[in-house]
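Since we're looking at a predicted model, the values are computed, not measured. Labels below follow one simple rule: chain letters A, B, ... track the order of the sequence lines, proteins then strands, and each chain is numbered from 1.
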Amino acid sequence: MENDMVKNDLMKHVFNSDAMFFRIGELSAMTGVSSRQLRYWEKKNYIQSIQRDDDQTARVFHFQQYARVTGIKYFLDEGYTLATAVAKVNEYIDISKYVHKFVRESIQNVEKHDDAVTIDLGWFNEAKHERLKADLNGDKFEYRIEKS
DNA sequence: ATTCTGACA
DNA sequence: TGTCAGAA
């Protein structure tokens, strides 16, 4: 639908916006991690800033690094050492990466109806005679097996 | 005004 | 890790 196209472009615009990039002072203020620590973490390769092509030296961090830094600080506050905190964050990022991949590959099709949306989740069994479907109504949803 | 690197009363 | 200097 045309409406969906608009929303997609809007989302792309939002996530590619300059607002998603931060300099060290901003990132520090947002996360409560000192700029001194941020520079040290980068030197240790625990976080990374954008590769800058110009002659500027000021670090620029992408939004994803905000998530990383926040995660590292969380485990640090839990009492873990810096190296362990980083390992924990990497583990979570790894897991979420697989979960995202799983979810993406699980969704075979999204069928829009008048009042609801049905998500096709693929074959329900090895015999491939039934498919698992999820009917969405607002924020509610139900699973259903559909003969194929 | 901010950030960068290097150094340590 | 904080902080300060001197430069960009």
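- For A/Lys43 and B/dT5, the NZ to C1' distance is 8 Å, given to the nearest whole Å.
- Judged by distance alone, with hydrogens and angles left aside, the side-chain atoms of A/Gln65 form no donor-acceptor pair with the main-chain N or O of A/His62 at under 3.5 Å.
- One finds a salt bridge joining A/Glu111 and A/Lys133 here, because a Lys/Arg side-chain nitrogen approaches an Asp/Glu carboxylate oxygen to under 4.0 Å.
- The base-pairing partner of C/dT1, taking Watson-Crick or G-U wobble contacts with both distances under 3.5 Å, does not exist among the strands shown.
- Distance from the side chain of A/Arg23 is smallest for B/dT2 among the nucleotides B/dC4, C/dT1, B/dT2.
- Within the 4.0 Å cut-off from OP1 or OP2 of B/dA7, not a single side-chain nitrogen or oxygen of A/Arg36 is found.
- Distances were taken from every side-chain heavy atom of A/Thr57 (C-beta onward) to each of C/dG2, B/dC4, C/dT1; the shortest belongs to B/dC4.
- Distances shorter than 4.0 Å separate some side-chain N or O of A/Arg59 from OP1 or OP2 on B/dC4.
- In this structure, CD of A/Glu42 is placed 13 Å from C1' of B/dT3, rounded to the nearest angstrom.
- Using a 4.0 Å heavy-atom cutoff across all strands shown, A/Ser35 reaches no nucleic acid atom at all.
- Distance, A/Arg39 CZ to C/dT1 C1': 12 Å, rounded to whole Å.
- In the hydrophobic cluster analysis, where Ile, Leu, Val, Met, Phe, Trp and Tyr join through side-chain heavy atoms closer than 4.5 angstrom, A/Leu121 is grouped together with A/Val99.
- Considering CD of A/Gln37 and CD1 of A/Ile24, their distance stands at 10.5 Å, rounded to 0.5 Å.
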